[in-house]
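Keep in mind that the numbers below use all heavy atoms, side chains included, and drop hydrogens, waters and symmetry copies.
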Amino acid sequence: MCGIWALLGSDEVSPFEQAQFMRIMGRGPDLHVLKEVHPRVHLGFHRLAIVIPGDTPSEQPIVGQGKSVVCNGELYNHLQIKEGSSLELTNNGSDCAAIIHAFHKNGNDLKKTCAMLDGVFAFIMADEQNVYVGRDPLGVRPLFYGYTSQGNLAIGSEVKSISELCERVEVFPPGCCATIAFTNGHPRPFKTERYYFVPQIADRFVSIENAQLLIREVLTKSVEKRLMGNRHFGFMLSGGLDSSLIAAIATRALKHKPVAFSVGFEDSEDLVNARRVAQYLNINHVVHVITAEDCLNVIPEVIYALETYEPAIVRCGIAHYLLCRHIASISDVKVLLSGEGADELFGSYAYMQKAPNAFHLHKEIHRRLQMLHQYDVLRCDRATSCHGLEIRVPFLDKKFIDLVARLPPAYKLQPMKLEKHMLRAAFEGWLPEEVLWRSKEGFGEALGKQDLGEIIGARCAETISDKLFSTRHTLYPERTPETKEEFWYRELFEKAYGTEKMGHLIHTKVYRTAAWQLTEEKENHRVVMEEGRLERLGVANKGSEEVLRLRRRSTGSTTLSGVA
């Protein structure tokens with residue numbers, strides 16, 4: 001995990017602009033570089049040392065062939081890309097140097113260059129004519145941009161690094177790239193080009209048995225390639241299926257025993273299962289027991305780190321943030337493996353398993369995969385990176401996505417069988433039976449017997465008066481908070497960022513617009529509410545109690561450390 005930043009069109013970087021660059025130094029605490037690589041092109045880099053700590057070849061910008069590049073990412077096929085290349089780069093030891101090699105091999109075709117990269121990345125590359133930007137297929141690594149009042153272009157890994165500079169912040173979309181030209185020293189408006197599309201057609205017609213073999217083979221390779229680096233590896237182990245499978249696969253491949261980290265209330269059932277998995281795999285296990293007060297106290301920090309007020313992300317982000325802060329304070333682990341993405345790929349969220357048929361489930365899987373960068377991937381990145389840690393997500397490997405997204409959708413909605421049955425069956429014998437075949441639980445159960453939503457709700461009832469809450473329509477006419485919890489999150493967000501510049505970036509309540517609920521995509525369509533009424537759900541005859549249940553269990557990752 002690193003942080004990248006750029007300012008295009010300015011003769012120099014002012015002290016105030018430098019301070020904005022430093023706002024994301026947590027992403028890379030080992031080295032900070034900000035330099036002008038071409039006239040009016042300033043590139044910034046915060047380095048988290050992973051491959052060879054302190055080694056000069058891993059520093060950025062990487063320079064050669066008249067090009068300079070900064071990249072936040074890991075490119076797992078960098079050796080293959082560099083093979084046969086005669087280019088001499090100043091920092092060729094870095095896996096990110098493969099971007100310049102790939103660009104040269106593809107005749108300066110940016111779309112082909114991005115498509116060639118196997119990994120997760122967000123990069124900014126410059127030569128004498130243009131600036132080139134690319135982001136990985138599903139947006140595992142973040143990137144934002146915006147124009148200043150002087151017409152300069154600011155680009156950064158997180159909103160907080162450019163929001164004070166720009167009049168409006170935009171997200172650079174996943175699976176896209178762009179070439180930015182200059183006129184009279186200022187960056188011209190640009191259009192993004194899509195080089196990657198999430199597979200939309202289920203055309204892998206294989207038997208369930210062969211599908212299971214392929215799932216085991218491709219996921220195993222996906223995990224193994226993510227063990228690149230010589231720092232101590234760790235796992236975010238919730239005790240659920242997905243994170244436990246990643247831990248099981250990686251433990252078999254690593255020469256040195258990794259460390260598993262778990263978080264929860266003292267009475268958490270997930271902690272019991274996490275301990276069971278760690279014992280089964282014979283790996284070290286660190287448990288961070290938290291309290292309700294810990295969760296409540298850290299919420300302002302979490303919202304600042306996550307850059308959102310969406311309640312599902314915030315709730316899941318609380319324990320994730322606390323665990324990562326603990327890991328950074330007590331261990332030398334810098335790389336964590338996690339189980340994000342499996343629920344979206346296999347359609348295993350509670351509301352998804354209630355799809356009327358496999359066709360609608362397939363449509364919803366496709367939609368959720370395209371929105372991952374606004375939910376679990378967002379929370380996963382921000383809650384981890386601010387503590388100088390890097391997280392890797394094997395389920396979101398491009399080859400694994402290509403496999404699972406194209407399997408017959410009926411395989412993911414099997415009557416009378418547990419969700420993700422194919423995935424469980426593919427790894428029979430790799431985990432304890434009671435973990436492998438344990439049904440997915442909601443976020444409240446994962447933390448402990450006391451539901452986190454009830455804890456937060458009780459605090460909000462005490463601190464937010466009914467009179468203040470009644471002003472919510474006036475204060476927040478767009479996406480008006482429905483509960484006092486949402487009102488509190490919105491207040492904290494407005495203090496940290498405000499919605500004027502970036503409110504349009506925030507997606508809310510993804511489960512309310514499932515493929516079978518609306519014929520058109522209107523995820524954030526404003527619906528005017530009358531006093532005391534809930535926003536239109538798109539699901540008929542759902543009372544407020546059912547809505548709250550869905551909110552807790554059917555939106556982002558529903559486990560402690562944010563992995564299922």
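Side-chain contact, Asn72 with His46: no donor N or O sits under 3.5 Å from an acceptor N or O. With 3.5 Å as the limit, one finds no donor-acceptor pair spanning the side chains of Thr220 and Arg216. Side-chain contact, Arg379 with His320: a donor N or O sits under 3.5 Å from an acceptor N or O. Side chains of His285 and Ser262: a donor on one and an acceptor on the other come within 3.5 Å. In summary, the side chains of Asn91 and Ser94 do not present any donor paired with an acceptor at a separation below 3.5 Å, with no hydrogens or angles considered.
Judged as a side-chain contact (heavy atoms from CB on, under 4.5 Å), and not counting sequence neighbours, the contacts of Asp402 are Pro199, Arg204, Arg406. For His104, the side-chain contact (heavy atoms from CB on, under 4.5 Å) partners two or more places apart in sequence, or in a different chain, are Gln65, Leu87. Residues that satisfy the salt bridge (Lys or Arg N to Asp or Glu O under 4.0 Å) test with Asp381, not counting sequence neighbours, are Arg27.
Between Lys221 and Asp397, no side-chain nitrogen of the basic residue sits less than 4.0 Å from a carboxylate oxygen of the acidic one, so the salt-bridge criterion is not met.
Judged by distance alone, the side chain of Ser161 and the main-chain N or O of Glu158 form a donor-acceptor pair under 3.5 Å. The closest donor-acceptor contact from the side chain of Glu307 to the backbone of Val159 lies under 3.5 Å.
Put simply, the residue from Leu436, Val435, Asn273 that forms a side chain to side chain contact (heavy atoms under 4.5 Å, CB included) with Ser244 is Val435.
For Glu88, the CD atom sits in a loose shell: 12 or fewer heavy atoms of surrounding residues, nucleotides or ligands are nearer than 6.0 Å. With a 6.0 Å radius and a threshold of 12 heavy atoms from other residues, nucleotides or ligands, Tyr304 has its OH atom above the threshold.
The distance from the NE2 atom of His366 to the NZ atom of Lys363 is 11.0 Å, given to the nearest 0.5 Å.
Contact check for Ile290 versus Cys295: side-chain heavy atoms found under the 4.5 Å cut-off.
Ring centers of Phe261 and His288: at least 6.0 Å apart, outside the cut-off.
Using bins of under 30°, 30° to 60° and over 60° for the plane-to-plane angle, the ring pair Trp430/Phe427 lands in the perpendicular bin. Taking the six-membered ring where tryptophan is involved, the planes of Tyr351 and Trp516 are tilted, since the angle between them lies from 30° to 60°.
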